[in-house]
Participant: 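This is the structure I want to talk about, given as C-alpha coordinates.
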Amino acid sequence: MMLTQQDTLVFNRAVQASPREVFRAFTNRQALCGWFCDAAVVDAREGGPLFVSWKNGYYVAGTFSEITPGEGLAFSWASNSRPETAQVRVLLGPDEDSSGTAITVTLSGFEEGGASDDAARAWEDGLENLQSVLESGVDLRFARRPMLGVSGHDNLNPGLVERLGLPVTEGVWLGGVVEGSAAQRAGLQRDDVLVGIGEHAITGFQSMADAIGAHKAGDQAQVTFYREGEKHTATVQFTSRPPIPTPPPPAELLASMREQHATLNAELAACIEGATEEEAEYRPSADAWNAKEILAHLICVERDTHTWMALTIEDAPQPEDNNPWHTNGIERLRAVTAVYSTLHTLAEEFRRNQAETAELTAAFPQQIASTRKQVYTYLGGWLSGFYDHTYEHIEEIKSLLEQARR
(Lines give C-alpha, C1' and ligand atoms only; values in the text may rest on other atoms or scores of the structure.)
Protein backbone atom coordinates (compact mmCIF):
# COMPACT_ATOMS: atom_id res chain seq x y z
CA MET A 1 0.00 0.00 0.00
CA MET A 2 1.27 3.51 -0.83
CA LEU A 3 0.43 6.67 1.15
CA THR A 4 1.31 10.03 -0.39
CA GLN A 5 1.96 13.62 0.55
CA GLN A 6 3.31 16.19 -1.87
CA ASP A 7 6.94 15.60 -0.88
CA THR A 8 6.70 12.11 0.67
CA LEU A 9 5.89 8.53 -0.38
CA VAL A 10 5.20 5.80 2.18
CA PHE A 11 4.97 2.12 1.21
CA ASN A 12 3.88 -0.72 3.50
CA ARG A 13 4.23 -4.42 2.75
CA ALA A 14 4.15 -7.56 4.94
CA VAL A 15 6.08 -10.63 3.79
CA GLN A 16 6.36 -14.18 5.09
CA ALA A 17 10.11 -14.10 5.64
CA SER A 18 12.49 -13.40 8.49
CA PRO A 19 13.86 -9.88 9.08
CA ARG A 20 17.32 -11.31 8.32
CA GLU A 21 16.29 -12.43 4.82
CA VAL A 22 14.41 -9.17 4.14
CA PHE A 23 17.45 -7.12 5.25
CA ARG A 24 19.67 -9.20 2.95
CA ALA A 25 17.29 -8.45 0.05
CA PHE A 26 18.06 -4.72 0.47
CA THR A 27 21.82 -4.97 1.09
CA ASN A 28 23.11 -7.84 -1.09
CA ARG A 29 23.73 -6.90 -4.73
CA GLN A 30 22.49 -10.17 -6.23
CA ALA A 31 19.45 -10.21 -3.97
CA LEU A 32 18.60 -6.56 -4.79
CA CYS A 33 18.78 -7.26 -8.54
CA GLY A 34 16.59 -10.29 -7.91
CA TRP A 35 13.51 -8.18 -7.08
CA PHE A 36 14.13 -4.44 -7.50
CA CYS A 37 16.43 -3.39 -10.34
CA ASP A 38 18.41 -4.68 -13.31
CA ALA A 39 21.90 -3.70 -12.13
CA ALA A 40 23.35 -2.51 -8.84
CA VAL A 41 26.45 -1.51 -6.89
CA VAL A 42 25.95 -1.98 -3.15
CA ASP A 43 28.42 -1.29 -0.32
CA ALA A 44 26.13 -1.68 2.69
CA ARG A 45 27.96 0.32 5.36
CA GLU A 46 27.55 3.85 6.67
CA GLY A 47 29.07 6.10 4.00
CA GLY A 48 29.05 3.28 1.42
CA PRO A 49 27.75 3.90 -2.11
CA LEU A 50 24.53 2.62 -3.66
CA PHE A 51 23.74 2.65 -7.38
CA VAL A 52 20.72 0.99 -8.99
CA SER A 53 19.55 1.11 -12.59
CA TRP A 54 16.83 -0.25 -14.86
CA LYS A 55 16.83 -1.20 -18.53
CA ASN A 56 14.40 1.65 -19.30
CA GLY A 57 17.21 4.13 -18.57
CA TYR A 58 16.13 5.19 -15.06
CA TYR A 59 18.89 5.13 -12.46
CA VAL A 60 19.52 6.26 -8.89
CA ALA A 61 22.71 6.98 -6.94
CA GLY A 62 22.94 7.34 -3.20
CA THR A 63 24.94 6.89 -0.01
CA PHE A 64 24.04 4.74 2.98
CA SER A 65 23.59 6.82 6.15
CA GLU A 66 22.29 4.12 8.50
CA ILE A 67 22.68 0.33 8.59
CA THR A 68 21.08 -1.75 11.37
CA PRO A 69 21.11 -5.46 10.42
CA GLY A 70 17.68 -7.04 10.67
CA GLU A 71 16.02 -3.73 11.62
CA GLY A 72 16.44 -1.18 8.87
CA LEU A 73 18.58 1.16 6.79
CA ALA A 74 18.59 4.61 5.24
CA PHE A 75 20.21 6.10 2.15
CA SER A 76 20.01 9.11 -0.17
CA TRP A 77 18.13 8.91 -3.49
CA ALA A 78 19.32 11.07 -6.41
CA SER A 79 17.77 10.02 -9.72
CA ASN A 80 18.31 11.07 -13.31
CA SER A 81 14.63 12.14 -13.57
CA ARG A 82 14.55 14.68 -10.68
CA PRO A 83 16.93 17.52 -9.72
CA GLU A 84 16.81 17.02 -5.94
CA THR A 85 18.31 14.44 -3.59
CA ALA A 86 15.61 12.67 -1.59
CA GLN A 87 16.00 10.31 1.36
CA VAL A 88 14.85 6.71 1.75
CA ARG A 89 14.28 5.01 5.10
CA VAL A 90 13.47 1.28 5.37
CA LEU A 91 12.10 -0.05 8.67
CA LEU A 92 11.67 -3.77 9.40
CA GLY A 93 9.60 -5.14 12.24
CA PRO A 94 7.33 -8.01 13.25
CA ASP A 95 4.05 -8.25 11.37
CA GLU A 96 1.18 -8.25 13.88
CA ASP A 97 -0.98 -10.53 11.73
CA SER A 98 1.61 -13.21 10.96
CA SER A 99 5.02 -14.56 11.83
CA GLY A 100 6.57 -12.58 8.98
CA THR A 101 8.13 -9.13 8.61
CA ALA A 102 6.43 -5.76 8.19
CA ILE A 103 8.29 -3.42 5.81
CA THR A 104 7.83 0.34 5.75
CA VAL A 105 9.64 2.35 3.07
CA THR A 106 9.50 6.16 3.29
CA LEU A 107 10.81 8.46 0.54
CA SER A 108 10.97 12.10 1.59
CA GLY A 109 12.54 15.40 0.58
CA PHE A 110 11.09 15.85 -2.91
CA GLU A 111 10.82 19.44 -4.08
CA GLU A 112 7.81 21.26 -5.53
CA GLY A 113 5.76 19.03 -7.81
CA GLY A 114 5.94 16.02 -5.52
CA ALA A 115 7.62 12.66 -5.88
CA SER A 116 8.37 11.34 -9.33
CA ASP A 117 6.31 8.68 -11.07
CA ASP A 118 9.52 6.70 -11.66
CA ALA A 119 10.26 6.49 -7.93
CA ALA A 120 6.67 5.55 -7.09
CA ARG A 121 6.60 2.84 -9.74
CA ALA A 122 9.98 1.44 -8.73
CA TRP A 123 8.97 0.97 -5.09
CA GLU A 124 5.36 -0.07 -5.63
CA ASP A 125 6.26 -2.73 -8.20
CA GLY A 126 9.47 -3.63 -6.38
CA LEU A 127 7.89 -4.39 -2.99
CA GLU A 128 5.17 -6.48 -4.63
CA ASN A 129 7.93 -8.44 -6.36
CA LEU A 130 9.96 -8.72 -3.16
CA GLN A 131 7.02 -10.44 -1.47
CA SER A 132 6.65 -12.85 -4.39
CA VAL A 133 10.39 -13.62 -4.55
CA LEU A 134 10.74 -14.27 -0.82
CA GLU A 135 7.52 -16.26 -0.41
CA SER A 136 7.38 -18.30 -3.62
CA GLY A 137 10.66 -17.76 -5.48
CA VAL A 138 8.80 -16.23 -8.45
CA ASP A 139 10.21 -13.07 -10.06
CA LEU A 140 7.07 -11.29 -11.32
CA ARG A 141 9.11 -9.33 -13.87
CA PHE A 142 9.84 -12.63 -15.59
CA ALA A 143 6.55 -14.41 -14.84
CA ARG A 144 4.50 -11.58 -16.37
CA ARG A 145 6.50 -11.37 -19.57
CA PRO A 146 4.94 -12.85 -22.73
CA MET A 147 6.22 -16.29 -23.68
CA LEU A 148 7.45 -17.68 -27.00
CA GLY A 149 8.44 -21.10 -25.64
CA VAL A 150 11.83 -22.09 -27.06
CA SER A 151 15.20 -23.26 -25.75
CA GLY A 152 18.60 -23.42 -27.45
CA HIS A 153 21.72 -21.28 -27.73
CA ASP A 154 23.11 -18.39 -29.77
CA ASN A 155 26.57 -19.79 -30.51
CA LEU A 156 26.19 -20.39 -34.26
CA ASN A 157 29.65 -21.89 -34.58
CA PRO A 158 30.93 -23.02 -38.00
CA GLY A 159 30.11 -26.67 -37.31
CA LEU A 160 26.46 -25.85 -36.56
CA VAL A 161 26.25 -23.48 -39.53
CA GLU A 162 27.53 -26.23 -41.82
CA ARG A 163 25.28 -28.94 -40.35
CA LEU A 164 22.15 -26.81 -40.75
CA GLY A 165 23.16 -25.33 -44.12
CA LEU A 166 22.77 -21.79 -42.82
CA PRO A 167 23.48 -18.68 -44.91
CA VAL A 168 23.81 -16.64 -41.68
CA THR A 169 26.13 -16.71 -38.67
CA GLU A 170 23.92 -14.86 -36.14
CA GLY A 171 20.63 -15.91 -34.61
CA VAL A 172 19.24 -18.28 -31.99
CA TRP A 173 19.37 -22.02 -32.65
CA LEU A 174 16.27 -23.77 -31.32
CA GLY A 175 17.20 -26.86 -29.35
CA GLY A 176 13.63 -27.44 -28.27
CA VAL A 177 10.10 -26.06 -28.43
CA VAL A 178 7.79 -26.12 -25.40
CA GLU A 179 4.72 -28.32 -25.79
CA GLY A 180 1.61 -26.17 -26.40
CA SER A 181 3.61 -22.92 -26.60
CA ALA A 182 3.24 -20.03 -29.05
CA ALA A 183 6.32 -21.29 -30.90
CA GLN A 184 4.90 -24.79 -31.35
CA ARG A 185 1.52 -23.47 -32.52
CA ALA A 186 3.35 -21.31 -35.08
CA GLY A 187 5.13 -24.42 -36.40
CA LEU A 188 8.65 -23.76 -35.10
CA GLN A 189 10.78 -26.88 -34.63
CA ARG A 190 14.10 -28.08 -33.21
CA ASP A 191 17.03 -27.04 -35.45
CA ASP A 192 15.22 -23.94 -36.73
CA VAL A 193 17.33 -20.77 -36.36
CA LEU A 194 15.40 -17.67 -35.33
CA VAL A 195 16.64 -14.43 -36.91
CA GLY A 196 13.73 -11.99 -36.51
CA ILE A 197 10.68 -11.14 -34.41
CA GLY A 198 8.57 -8.36 -35.90
CA GLU A 199 10.87 -5.45 -36.71
CA HIS A 200 13.59 -6.75 -34.37
CA ALA A 201 16.64 -8.57 -35.76
CA ILE A 202 17.57 -11.54 -33.58
CA THR A 203 21.33 -11.92 -33.20
CA GLY A 204 21.38 -13.62 -29.80
CA PHE A 205 19.47 -14.24 -26.60
CA GLN A 206 19.49 -10.60 -25.44
CA SER A 207 18.00 -9.30 -28.69
CA MET A 208 15.40 -12.10 -28.57
CA ALA A 209 14.50 -11.17 -24.98
CA ASP A 210 14.20 -7.50 -25.94
CA ALA A 211 11.98 -8.34 -28.92
CA ILE A 212 9.67 -10.54 -26.85
CA GLY A 213 9.63 -7.96 -24.04
CA ALA A 214 8.29 -5.33 -26.46
CA HIS A 215 5.03 -7.32 -26.58
CA LYS A 216 2.46 -8.54 -24.09
CA ALA A 217 0.57 -11.81 -23.81
CA GLY A 218 -1.98 -12.08 -26.63
CA ASP A 219 0.00 -9.93 -29.10
CA GLN A 220 0.81 -11.35 -32.54
CA ALA A 221 4.13 -10.92 -34.37
CA GLN A 222 5.82 -12.30 -37.45
CA VAL A 223 8.87 -14.47 -36.78
CA THR A 224 11.59 -15.07 -39.35
CA PHE A 225 13.69 -18.23 -39.21
CA TYR A 226 15.83 -20.60 -41.25
CA ARG A 227 15.04 -24.30 -41.68
CA GLU A 228 17.38 -26.55 -43.63
CA GLY A 229 19.01 -23.47 -45.13
CA GLU A 230 15.77 -21.86 -46.36
CA LYS A 231 14.21 -18.69 -44.98
CA HIS A 232 10.64 -18.86 -43.64
CA THR A 233 8.16 -16.66 -41.78
CA ALA A 234 5.29 -17.51 -39.45
CA THR A 235 2.89 -15.68 -37.16
CA VAL A 236 3.10 -16.27 -33.44
CA GLN A 237 0.64 -15.21 -30.76
CA PHE A 238 2.50 -14.76 -27.49
CA THR A 239 1.09 -16.56 -24.47
CA SER A 240 1.25 -15.94 -20.75
CA ARG A 241 3.93 -17.82 -18.88
CA PRO A 242 2.79 -20.84 -16.89
CA PRO A 243 3.64 -20.83 -13.18
CA ILE A 244 7.35 -21.48 -12.68
CA PRO A 245 7.66 -24.97 -11.20
CA THR A 246 9.49 -25.29 -7.92
CA PRO A 247 12.42 -27.70 -8.32
CA PRO A 248 12.21 -30.94 -6.36
CA PRO A 249 14.02 -31.15 -3.01
CA PRO A 250 17.82 -31.41 -3.31
CA ALA A 251 17.83 -35.20 -2.89
CA GLU A 252 15.38 -35.69 -5.78
CA LEU A 253 17.18 -33.12 -7.93
CA LEU A 254 20.43 -35.01 -7.32
CA ALA A 255 18.92 -38.37 -8.31
CA SER A 256 17.53 -36.89 -11.54
CA MET A 257 20.86 -35.25 -12.32
CA ARG A 258 22.81 -38.49 -11.93
CA GLU A 259 20.34 -40.29 -14.18
CA GLN A 260 20.74 -37.60 -16.87
CA HIS A 261 24.53 -37.72 -16.52
CA ALA A 262 24.52 -41.49 -17.06
CA THR A 263 22.43 -41.09 -20.23
CA LEU A 264 24.61 -38.31 -21.65
CA ASN A 265 27.84 -40.13 -20.85
CA ALA A 266 26.59 -43.26 -22.59
CA GLU A 267 25.82 -41.10 -25.66
CA LEU A 268 29.28 -39.55 -25.51
CA ALA A 269 31.05 -42.90 -25.13
CA ALA A 270 29.23 -44.31 -28.16
CA CYS A 271 30.01 -41.14 -30.12
CA ILE A 272 33.80 -41.24 -29.61
CA GLU A 273 34.28 -45.02 -29.66
CA GLY A 274 36.96 -45.91 -32.21
CA ALA A 275 37.80 -42.27 -33.00
CA THR A 276 41.46 -41.48 -33.63
CA GLU A 277 43.29 -38.44 -32.28
CA GLU A 278 43.71 -37.16 -35.82
CA GLU A 279 39.94 -37.32 -36.37
CA ALA A 280 39.34 -35.57 -33.02
CA GLU A 281 41.57 -32.68 -34.12
CA TYR A 282 39.80 -32.15 -37.46
CA ARG A 283 38.23 -28.72 -37.88
CA PRO A 284 36.13 -27.74 -40.92
CA SER A 285 37.48 -24.17 -40.94
CA ALA A 286 40.25 -22.20 -39.27
CA ASP A 287 37.98 -20.63 -36.61
CA ALA A 288 35.86 -23.73 -35.93
CA TRP A 289 36.19 -25.85 -32.80
CA ASN A 290 37.37 -29.42 -33.18
CA ALA A 291 35.95 -32.34 -31.17
CA LYS A 292 38.53 -31.94 -28.40
CA GLU A 293 37.78 -28.24 -28.00
CA ILE A 294 34.05 -28.96 -27.79
CA LEU A 295 34.76 -31.36 -24.92
CA ALA A 296 36.94 -28.67 -23.32
CA HIS A 297 34.00 -26.27 -23.59
CA LEU A 298 31.72 -28.77 -21.80
CA ILE A 299 34.38 -29.19 -19.08
CA CYS A 300 34.56 -25.40 -18.61
CA VAL A 301 30.78 -25.16 -18.35
CA GLU A 302 30.82 -27.65 -15.48
CA ARG A 303 33.74 -25.85 -13.78
CA ASP A 304 32.05 -22.45 -13.99
CA THR A 305 28.88 -24.02 -12.63
CA HIS A 306 30.92 -25.17 -9.62
CA THR A 307 32.11 -21.60 -9.02
CA TRP A 308 28.58 -20.21 -9.28
CA MET A 309 27.21 -22.83 -6.88
CA ALA A 310 30.05 -22.28 -4.39
CA LEU A 311 29.51 -18.49 -4.41
CA THR A 312 25.80 -19.08 -3.86
CA ILE A 313 26.43 -21.39 -0.90
CA GLU A 314 28.87 -18.87 0.61
CA ASP A 315 26.55 -15.91 -0.18
CA ALA A 316 29.61 -14.29 -1.75
CA PRO A 317 29.50 -11.61 -4.48
CA GLN A 318 28.76 -12.93 -7.96
CA PRO A 319 30.36 -11.43 -11.09
CA GLU A 320 29.18 -7.88 -11.82
CA ASP A 321 27.44 -8.97 -15.03
CA ASN A 322 25.71 -11.87 -13.19
CA ASN A 323 27.28 -14.20 -15.76
CA PRO A 324 29.70 -16.72 -14.19
CA TRP A 325 30.05 -18.71 -17.43
CA HIS A 326 33.01 -17.79 -19.61
CA THR A 327 33.42 -20.97 -21.60
CA ASN A 328 33.88 -20.00 -25.26
CA GLY A 329 37.31 -18.34 -25.36
CA ILE A 330 39.59 -20.38 -27.60
CA GLU A 331 42.61 -19.66 -25.38
CA ARG A 332 40.90 -21.31 -22.41
CA LEU A 333 39.74 -24.27 -24.49
CA ARG A 334 43.22 -24.87 -25.90
CA ALA A 335 44.73 -24.69 -22.42
CA VAL A 336 42.38 -27.50 -21.35
CA THR A 337 43.18 -29.61 -24.42
CA ALA A 338 46.91 -29.07 -23.87
CA VAL A 339 46.65 -30.64 -20.39
CA TYR A 340 44.10 -33.36 -21.22
CA SER A 341 45.56 -34.07 -24.61
CA THR A 342 43.65 -37.16 -25.81
CA LEU A 343 39.99 -37.44 -26.71
CA HIS A 344 39.33 -40.11 -24.09
CA THR A 345 41.22 -38.18 -21.37
CA LEU A 346 39.03 -35.16 -22.10
CA ALA A 347 35.89 -37.31 -21.92
CA GLU A 348 37.03 -38.71 -18.57
CA GLU A 349 37.71 -35.20 -17.21
CA PHE A 350 34.24 -34.14 -18.34
CA ARG A 351 32.73 -37.07 -16.41
CA ARG A 352 34.75 -36.12 -13.31
CA ASN A 353 33.48 -32.54 -13.51
CA GLN A 354 29.90 -33.77 -13.87
CA ALA A 355 30.44 -35.85 -10.74
CA GLU A 356 31.69 -32.73 -8.91
CA THR A 357 28.53 -30.88 -9.96
CA ALA A 358 26.47 -33.70 -8.50
CA GLU A 359 28.45 -33.68 -5.23
CA LEU A 360 28.01 -29.91 -4.90
CA THR A 361 24.28 -30.39 -5.42
CA ALA A 362 24.30 -33.01 -2.66
CA ALA A 363 25.99 -30.46 -0.38
CA PHE A 364 23.64 -27.60 -1.22
CA PRO A 365 22.25 -26.26 2.08
CA GLN A 366 18.62 -27.05 2.79
CA GLN A 367 18.38 -23.63 4.42
CA ILE A 368 19.00 -21.91 1.05
CA ALA A 369 16.51 -24.19 -0.68
CA SER A 370 13.81 -23.32 1.88
CA THR A 371 14.43 -19.60 2.58
CA ARG A 372 15.89 -18.31 -0.70
CA LYS A 373 13.38 -19.86 -3.04
CA GLN A 374 14.31 -17.67 -6.02
CA VAL A 375 17.95 -18.77 -5.81
CA TYR A 376 16.98 -22.44 -5.54
CA THR A 377 14.43 -22.16 -8.37
CA TYR A 378 17.10 -20.68 -10.65
CA LEU A 379 19.67 -23.26 -9.60
CA GLY A 380 17.28 -26.18 -10.01
CA GLY A 381 16.09 -24.93 -13.38
CA TRP A 382 19.69 -24.60 -14.60
CA LEU A 383 20.75 -28.03 -13.38
CA SER A 384 17.57 -29.69 -14.68
CA GLY A 385 17.33 -27.99 -18.04
CA PHE A 386 20.87 -27.69 -19.41
CA TYR A 387 21.02 -31.17 -20.92
CA ASP A 388 19.90 -29.95 -24.36
CA HIS A 389 23.12 -27.93 -24.55
CA THR A 390 25.28 -30.98 -23.80
CA TYR A 391 23.34 -33.22 -26.17
CA GLU A 392 23.67 -30.70 -29.03
CA HIS A 393 27.44 -30.58 -28.55
CA ILE A 394 27.65 -34.38 -28.52
CA GLU A 395 25.78 -34.36 -31.84
CA GLU A 396 28.27 -31.77 -33.11
CA ILE A 397 31.21 -34.00 -32.10
CA LYS A 398 29.56 -36.91 -33.91
CA SER A 399 29.16 -34.79 -37.05
CA LEU A 400 32.80 -33.60 -36.94
CA LEU A 401 34.14 -37.15 -36.56
CA GLU A 402 32.01 -38.30 -39.51
CA GLN A 403 33.33 -35.40 -41.62
CA ALA A 404 36.91 -36.28 -40.66
CA ARG A 405 36.41 -39.90 -41.72
CA ARG A 406 35.03 -38.79 -45.09
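Everything quoted here is computed from the prediction, not taken from an experiment.
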Participant: Atom CG of Leu379 and atom CE of Met309: how far apart are they, to the nearest 0.5 Å?
Facilitator: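 Reported to 0.5 Å precision, the distance equals 5.0 Å.
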Participant: Just checking Trp54 against Phe36, ring centres under 6.0 Å apart?
Facilitator: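 Centroid separation for Trp54 and Phe36: below 6.0 Å.
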Participant: Tell me, with the steps shown, if Glu396 and Asn157 meet side chain to side chain contact (heavy atoms under 4.5 Å, CB included).
Facilitator: CA-CA 10 Å; Glu396 189 178 356; Asn157 57 71; 2.7 Å; yes
Participant: Check whether Ser207 reaches the backbone of Gly204 with its side chain - one donor and one acceptor, N or O, closer than 3.5 Å.
Facilitator: yes
Participant: Can you confirm whether Leu32 sits close enough to Leu50 that some side-chain heavy atom of one is under 4.5 Å from a side-chain heavy atom of the other?
Facilitator: yes
Participant: What are the two closest non-hydrogen atoms of Ser18 and Thr101, and how far apart are they?
Facilitator: C-OG1, 3.3 Å
Participant: Tell me whether Ser76 contacts the main-chain N or O of Thr63 through its side chain, where contact means a donor paired with an acceptor under 3.5 Å.
Facilitator: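 Checked: pair present.
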Participant: So, the side chain of Glu279 versus the backbone of Thr276: is there a donor-acceptor pair under 3.5 Å, distance only?
Facilitator: yes
Participant: Ion pair present between Glu395 and Arg163, side-chain N to carboxylate O less than 4.0 angstrom?
Facilitator: no
Participant: Which value, rounded to the nearest 0.5 Å, describes the distance between Ile299 atom CD1 and Arg351 atom CZ?
Facilitator: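 Atom-to-atom, Ile299:CD1 and Arg351:CZ are 10.0 Å apart.
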Participant: In Å and rounded to the nearest 0.5 Å, what is the CD1 to CE distance from Ile197 to Met208?
Facilitator: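 If we round to the nearest 0.5 Å, Ile197:CD1 and Met208:CE are 6.5 Å apart.
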Participant: Please determine whether side chain to side chain contact (heavy atoms under 4.5 Å, CB included) holds for the pair Arg13 and Leu130, giving the CA-CA distance in whole Å, both sets of side-chain angles, and the decisive distance to 0.1 Å.
Facilitator: CA-CA 9 Å; Arg13 177 73 58 165; Leu130 176 61; over 6 Å; no
Participant: When you compare the side chain of Asn290 with that of Glu293, does any pair of heavy atoms fall below 4.5 Å?
Facilitator: yes
Participant: Locate the shortest heavy-atom distance separating Ala288 from Pro158; write the atom from each residue and the value.
Facilitator: CB-CB, 3.6 Å
Participant: Within the structure provided, determine whether Thr390 and Glu267 are in side-chain contact (heavy-atom separation under 4.5 Å).
Facilitator: no
Participant: Could you please spell out the steps behind the side chain to side chain contact (heavy atoms under 4.5 Å, CB included) verdict for Phe23 and Leu73?
Facilitator: CA-CA 8 Å; Phe23 183 80; Leu73 59 150; 4.2 Å; yes
Participant: So how far is it from Asp219 CG to Gln237 CD, rounded to the nearest 0.5 Å?
Facilitator: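 CD of Gln237 is found 8.5 Å from CG of Asp219.
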Participant: Should the ring pair His389 and His153 be called parallel, tilted or perpendicular, given that the plane angle runs from 0 to 90° and is split at 30 and 60?
Facilitator: perpendicular
Participant: Closest heavy-atom contact between Gly171 and Val195?
Facilitator: CA-CG1, 4.4 Å
Participant: Could you check whether any side-chain N or O of Arg141 sits under 3.5 Å from a backbone N or O of Gly126, counting only pairs where one atom can act as donor and the other as acceptor?
Facilitator: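 Not at all, since once roles are kept as given, no pair shorter than 3.5 Å links the two residues.
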Participant: Which atom pair, heavy atoms only, marks the closest approach of Lys216 to Phe238?
Facilitator: O-CB, 4.1 Å
Participant: Is a donor on one side and an acceptor on the other found under 3.5 Å between the side chain of Asn129 and the backbone of Leu140?
Facilitator: yes
Participant: Is it true that Arg82 and Asp118 have a side-chain N and a carboxylate O under 4.0 angstrom from each other?
Facilitator: no
Participant: Is it the case that the side chain of Ser132 and the backbone of Val138 share a donor-acceptor pair, with hydrogens and angles ignored and the cut-off at 3.5 Å?
Facilitator: yes
Participant: Tell me yes or no: between the side chains of Asp139 and Trp35, is some donor less than 3.5 Å from an acceptor?
Facilitator: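 Trp35 and Asp139 do not have a side-chain donor-acceptor pair below 3.5 Å.
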Participant: Could you check whether atom CD of Glu278 has more than 12 heavy atoms from other residues, nucleotides or ligands sitting under 6.0 Å from it?
Facilitator: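 No - once you tally the heavy atoms of other residues, nucleotides and ligands closer than 6.0 Å, there are 12 at most.
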Participant: If I compare all heavy atoms of Val193 with all of Trp173, which pair ends up nearest, and what's the gap?
Facilitator: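 Answer, listing the atom of Val193 first, then Trp173: CG2-CA, 4.2 Å.
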Participant: Is the shortest side-chain heavy-atom distance between Phe26 and Val42 below 4.5 Å?
Facilitator: no
Participant: Please lay out, stage by stage, how Gln30 and Asn28 fare under the test side chain to side chain contact (heavy atoms under 4.5 Å, CB included).
Facilitator: CA-CA 6 Å; Gln30 288 77 33; Asn28 176 283; 3.2 Å; yes
Participant: Could you tell me whether a side-chain N or O of Lys231 sits under 3.5 Å from a main-chain N or O of Thr224, the two making a donor and an acceptor?
Facilitator: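 No.
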Participant: Of the non-hydrogen atoms in Ala211 and Ile202, which two are nearest, and what is the gap between them?
Facilitator: CB-CD1, 3.9 Å
Participant: State, yes or no, whether a side-chain contact exists between Thr307 and Leu311 at a heavy-atom distance under 4.5 Å.
Facilitator: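 A side-chain contact under 4.5 Å exists here.
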Participant: Classify the side-chain pair Thr357/Glu302 by whether it contains a donor and acceptor separated by less than 3.5 Å.
Facilitator: yes
Participant: Are any non-hydrogen side-chain atoms of Glu21 and Val15 less than 4.5 angstrom apart?
Facilitator: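 Contact flag for Glu21/Val15 side chains = no.
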Participant: Salt-bridge test for Glu402 and Arg405: reply yes if a basic N is under 4.0 Å from a carboxylate O, no otherwise.
Facilitator: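 Between Arg405 and Glu402 there is no salt bridge, as every charged N stays at least 4.0 Å from the carboxylate O atoms.
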Participant: Over 60° means perpendicular and under 30° means parallel, so tell me whether His297 and Trp289 are parallel, tilted or perpendicular.
Facilitator: tilted
Participant: Within the 4.5 Å heavy-atom criterion, are Phe11 and Ile103 side-chain neighbours or not?
Facilitator: no
Participant: Check this for me: does any side-chain nitrogen of one of Arg303 and Glu349 sit under 4.0 Å from a carboxylate oxygen of the other?
Facilitator: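 Salt bridge: yes.
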Participant: Do Ser108 and Thr106 have side-chain N/O donor and acceptor atoms under 3.5 Å apart?
Facilitator: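 No pair is found: no donor N or O on one side chain lies under 3.5 Å from an acceptor on the other.
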Participant: Using a strict cut-off of less than 4.0 Å between a Lys/Arg side-chain nitrogen and an Asp/Glu carboxylate oxygen, indicate whether Arg144 and Asp125 qualify as a salt bridge.
Facilitator: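 Salt bridge flag = no for Asp125 with Arg144.
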Participant: Above 12 or not: heavy atoms from other molecules or residues under 6.0 Å from OH of Tyr59?
Facilitator: no
Participant: In terms of ring plane angle, is the pair Trp77 and Trp123 parallel, tilted or perpendicular, where the classes change at 30° and 60°?
Facilitator: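 Rings of Trp77 and Trp123: tilted, 30 to 60°.
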Participant: If only atom types and distance count, is the side chain of Asp154 paired as donor or acceptor with the main-chain N or O of Phe205 below 3.5 Å?
Facilitator: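 At least one qualifying donor-acceptor pair exists.
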Participant: Rounded to the nearest 0.5 Å, what's the gap from CZ on Phe142 to CD on Gln374? Could you check?
Facilitator: 11.0 Å
Participant: May I ask you to check whether Ser399 and Gln403 show a side-chain donor-acceptor distance below 3.5 Å?
Facilitator: yes
Participant: Has the side chain of Asp38 got a donor or acceptor atom that lies under 3.5 Å from a matching backbone atom of Lys55?
Facilitator: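 Yes, the answer is positive, given that a donor and an acceptor are paired below the 3.5 Å cut-off.
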Participant: So how far is it from Thr312 OG1 to Ile368 CD1, rounded to the nearest 0.5 Å?
Facilitator: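 Rounded to the nearest 0.5 Å, the OG1-CD1 separation comes to 7.0 Å.
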Participant: Glu135 side chain to Gln16 main-chain N or O, any donor-acceptor pair under 3.5 Å?
Facilitator: yes
